[in-house]
Peer 1: 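Take a look at this one; I'll ask things after.
Sequence lines set the chain letters: A, B, ... in the order given, protein chains first and strands last, and positions in each chain run from 1. These values consider heavy atoms only, across backbone and side chains, with no hydrogens, waters or symmetry-generated copies. Every value quoted in this text rests on a predicted model; they were computed, and no experiment measured them.
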2 protein chains.
Amino acid sequence: MSRPKGKHNGQDTARKIKTVARQQMEKYGTAGLTLRGIAKEMGITAPAIYNYYPRLEDLITALIVDAFNALAEAMHAAAVETSHSSYAARIQAIVGAYRQWAVENPVDFQLIYGNPIPGYSAPAELTTPLARKPFIELMQVYVEAMNTGALHIPTEYQDLPDSVAQYIDGWGQRVGTPIPAPLFGQIISGWGRIHGLVMLELTHHIQPVIGDPAAFYSYEVNAYLQRLELLSPK
Amino acid sequence: MSRPKGKHNGQDTARKIKTVARQQMEKYGTAGLTLRGIAKEMGITAPAIYNYYPRLEDLITALIVDAFNALAEAMHAAAVETSHSSYAARIQAIVGAYRQWAVENPVDFQLIYGNPIPGYSAPAELTTPLARKPFIELMQVYVEAMNTGALHIPTEYQDLPDSVAQYIDGWGQRVGTPIPAPLFGQIISGWGRIHGLVMLELTHHIQPVIGDPAAFYSYEVNAYLQRLELLSPK
DNA sequence: TATCGTAAATAAACACCGTTTATATAAGGG
DNA sequence: CCCTTATATAAACGGTGTTTATTTACGATA
């Protein structure tokens, strides 16, 4: 048989290829992603995949897009679950989802934030908007917290470099919802912190040093929120 | 000719293989590292390399070891250059060397802290001691600054989780030079911050967001040092 | 209903890759 | 002078992504 039963079966096949690809990566690591392996698992031949993804790169790009959306979905779920909680609880939940999703889906996280297939880099015009998606709600919490006066930017973070402030103001106006540059700097600082800890955890660099990455992560987030006066010392 | 001229020429060849390997990675990315490519560049055949590195993994391991030492050397140089400066200046220099080396040698940095060749992971018993090497002098500066009373651990960082504190005390005693757990937590927090920013810069995730990664990096480090009261607000 | 266009699969081949095997060569020591 | 040993090679194996030409069978059209 050559043509499948259904009508729009082509899309189903494309989706199944992605599914199998992700399974293969989970099983055999990022290196285990081979067209022939996917094909054998699906009971077809490797060149057949070219009907759906002209190149291996295109398949990887599709996987990256899915990974971005999955991460965004995980953080979104955390946001809605705590939508009626305190600012601190909401940020803790969203930022906790960031790490948890990374730990549970290390391959997909590396796909987004690592060097998944060296020599390949996802098209920026596609990933740049996707990269912002997971953080939309998180930034809204920050803005809300600042507008109500709950969030105080620490003195040491108040003078953002001019080059950065101008850049932020620039695309803040472009997007339409401008964010105060110092607040934005504070957000990026927070992003850098949690991202660093997550990356060091995924590459097994921090575990031998501090023993309990999860506990340290909470400790760091709590300290951060305390400094913003969103959380009081226990 | 089969055997080269010199006596210990085998080591020279092994070193040259590493050099060419690094050149190939710089040229064609981490994916461009192929035994056949190295061999062709050197005017020999691929199997000849097996006389020096039984497997490709062994070559990569050697490259990682070199990378660790190079990073340590860069940070060491920064430390000695500022050995008579203030604590803040010394930390700024060492931590600045961390980023600068990463930016100038992105492939080597990925070799250490990334997923260089998927499916391969460096032997932990070899890399764990090496991983500490770059930070030895940095930690000494912290300890010195704390002993003289110049460094103050912020309130929000004072209660380290028990699991982490116990772990740190455990291997602090093992190594011989115990470090106060809260100080250590503070150091790791700093490491996480700079590492996160560097990783986000290398994967091109932060540049489209803040425009000037170098400036933001200094901003973050300064804020960190101010919070430790090692630097006064300008 | 017969025919045609097309989507989707295949087989075969190409140029790579890491790796193994067996073999050849030449330097250095007894 | 011979023999050990280090070092190189050629050839082959199984694997990879990718291209090409060909076949198959569905869906619509006349």
Side-chain angles (χ1 to χ4, degrees), chain A residues 1-21 23-25 27-64 111 115-122, chain B residues 1-18 20-21 23-25 27-64 111 116-122:
Chain A
M1 68 180 96
S2 84
R3 176 171 287 197
K5 301 164 198 167
K7 195 177 178 183
H8 296 292
N9 209 304
Q11 292 187 11
D12 286 357
T13 310
R15 193 158 30 230
K16 177 154 194 182
I17 290 172
K18 283 195 298 184
T19 305
V20 173
Q23 289 172 354
Q24 298 273 316
M25 290 202 321
K27 259 196 212 171
Y28 310 112
T30 325
L33 189 65
T34 70
L35 285 185
R36 289 179 141 100
I38 298 169
K40 181 176 286 185
E41 181 71 26
M42 294 180 66
I44 60 174
T45 58
I49 298 179
Y50 282 77
N51 288 318
Y52 304 94
Y53 301 98
R55 273 176 287 180
L56 178 61
E57 287 193 1
D58 299 318
L59 172 56
I60 296 170
T61 301
L63 290 174
I64 291 178
L111 227 45
N115 222 20
I117 278 68
Y120 160 84
S121 71
Chain B
M1 67 179 100
S2 84
R3 175 170 288 195
K5 300 165 198 165
K7 197 178 179 184
H8 296 291
N9 209 305
Q11 294 188 11
D12 286 357
T13 311
R15 195 160 26 235
K16 177 154 193 183
I17 290 172
K18 283 193 299 185
V20 174
Q23 290 172 354
Q24 297 272 317
M25 290 201 323
K27 257 196 213 169
Y28 309 112
T30 326
L33 189 65
T34 70
L35 285 184
R36 288 177 141 101
I38 298 168
K40 182 178 285 184
E41 180 71 25
M42 294 179 66
I44 60 175
T45 58
I49 298 179
Y50 282 76
N51 288 317
Y52 304 95
Y53 301 98
R55 288 178 192 201
L56 178 62
E57 287 193 1
D58 299 319
L59 173 57
I60 296 170
T61 302
L63 290 174
I64 291 178
L111 228 44
I117 278 70
Y120 162 84
S121 70

Peer 1: Could you tell me how far apart B:Lys16 (NZ) and D:dT7 (P) are, to the nearest whole angstrom?
Peer 2: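 One finds 16 Å between P of D:dT7 and NZ of B:Lys16, rounded.
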
Peer 1: Of the residues in residues 35-47 of chain B, which ones touch DNA chain C at a heavy-atom distance under 4.0 Å?
Peer 2: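 When residues 35-47 of chain B is checked for heavy atoms under 4.0 Å from DNA chain C, the hits, listed by number, are B:Leu35, B:Arg36, B:Pro47.
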
Peer 1: List in chain and number order the residues that pass side-chain contact (heavy atoms from CB on, under 4.5 Å) with B:Thr45, two or more places apart in sequence or in another chain; answer none if no residue qualifies.
Peer 2: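 For B:Thr45 the side-chain contact (heavy atoms from CB on, under 4.5 Å) partners, ignoring immediate neighbours, are B:Pro47, B:Ala48.
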
Peer 1: OH/B:Tyr52 to NZ/B:Lys16 distance, rounded to the nearest 0.5 angstrom?
Peer 2: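 The OH atom of B:Tyr52 sits 11.5 Å away from the NZ atom of B:Lys16.
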
Peer 1: In Å, rounded to the nearest 0.5 Å, how long is the span from CD1 of B:Ile38 to CD of B:Gln24?
Peer 2: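 Reported value, rounded in 0.5 Å steps: 6.5 Å.
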
Peer 1: Using whole Å, report how far CD of A:Gln24 lies from C1' of D:dT16.
Peer 2: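 Result: 14 Å.
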
Peer 1: Could you state the atom-to-atom distance from CG of B:Leu33 to P of C:dT19 in whole Å?
Peer 2: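 After rounding, the gap between these two atoms is 11 Å.
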
Peer 1: Using whole Å, what does the distance between atom P of nucleotide D:dT16 and atom OH of A:Tyr28 come to?
Peer 2: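 Going from A:Tyr28 (OH) to D:dT16 (P), I get 11 Å.
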
Peer 1: So which atom in B:Ala46 and which in B:Arg36 form the shortest heavy-atom distance, rounded to 0.1 Å?
Peer 2: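 B:Ala46 and B:Arg36 have their closest heavy atoms at CB-CG, 3.8 Å.
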
Peer 1: Could you check how far CG of A:Leu59 sits from C1' of D:dT16, rounded to whole Å?
Peer 2: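 In whole Å, D:dT16 C1' lies 15 Å from A:Leu59 CG.
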
Peer 1: Taking only the side-chain nitrogens and oxygens of B:Tyr52, find out if one of them lies under 4.0 Å from OP1 or OP2 of D:dA8.
Peer 2: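 Checking B:Tyr52 against D:dA8: at least one side-chain N or O falls below 4.0 Å of OP1 or OP2.
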
Peer 1: Applying side-chain hydrogen bond (donor to acceptor under 3.5 Å, both in side chains), can you list everything that pairs with B:Thr61, at least two apart in sequence or on another chain?
Peer 2: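 Counting only residues at least two positions away or on another chain, B:Thr61 forms a side-chain hydrogen bond (donor to acceptor under 3.5 Å, both in side chains) with B:Tyr120.
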
Peer 1: Could you check how far CD1 of A:Ile17 sits from P of C:dA9, rounded to whole Å?
Peer 2: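 The answer, rounded to whole Å, is 8 Å.
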
Peer 1: What is the distance, to the nearest angstrom, from the CG atom on B:Asp12 to the C1' atom on D:dA6?
Peer 2: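 It works out to 15 Å between those atoms.
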
Peer 1: For B:Lys27, enumerate each residue passing the side-chain contact (heavy atoms from CB on, under 4.5 Å) test, keeping only those at least two apart in sequence or located in another chain.
Peer 2: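 For B:Lys27, no residue satisfies side-chain contact (heavy atoms from CB on, under 4.5 Å) once neighbours in sequence are set aside.
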
Peer 1: Just how far, in rounded Å, is P of C:dT19 from OH of B:Tyr53?
Peer 2: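 The answer, rounded to whole Å, is 14 Å.
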
Peer 1: Has B:Tyr50 got a side-chain N or O lying under 4.0 Å from the OP1 or OP2 atom of D:dA6?
Peer 2: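 No, B:Tyr50 has no side-chain N/O under 4.0 Å of OP1/OP2 on D:dA6.
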
Peer 1: Taking for each residue the nucleotide of DNA chain D bearing the nearest heavy atom, is the 5' side occupied by A:Thr34 or by B:Asn51?
Peer 2: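 Counting from the 5' end, the first nearest nucleotide belongs to B:Asn51.
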
Peer 1: According to side-chain contact (heavy atoms from CB on, under 4.5 Å), who are the partners of B:Asp58, at least two apart in sequence or on a separate chain?
Peer 2: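 Applying side-chain contact (heavy atoms from CB on, under 4.5 Å) to B:Asp58 gives B:Tyr53, B:Pro54, B:Arg55.
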
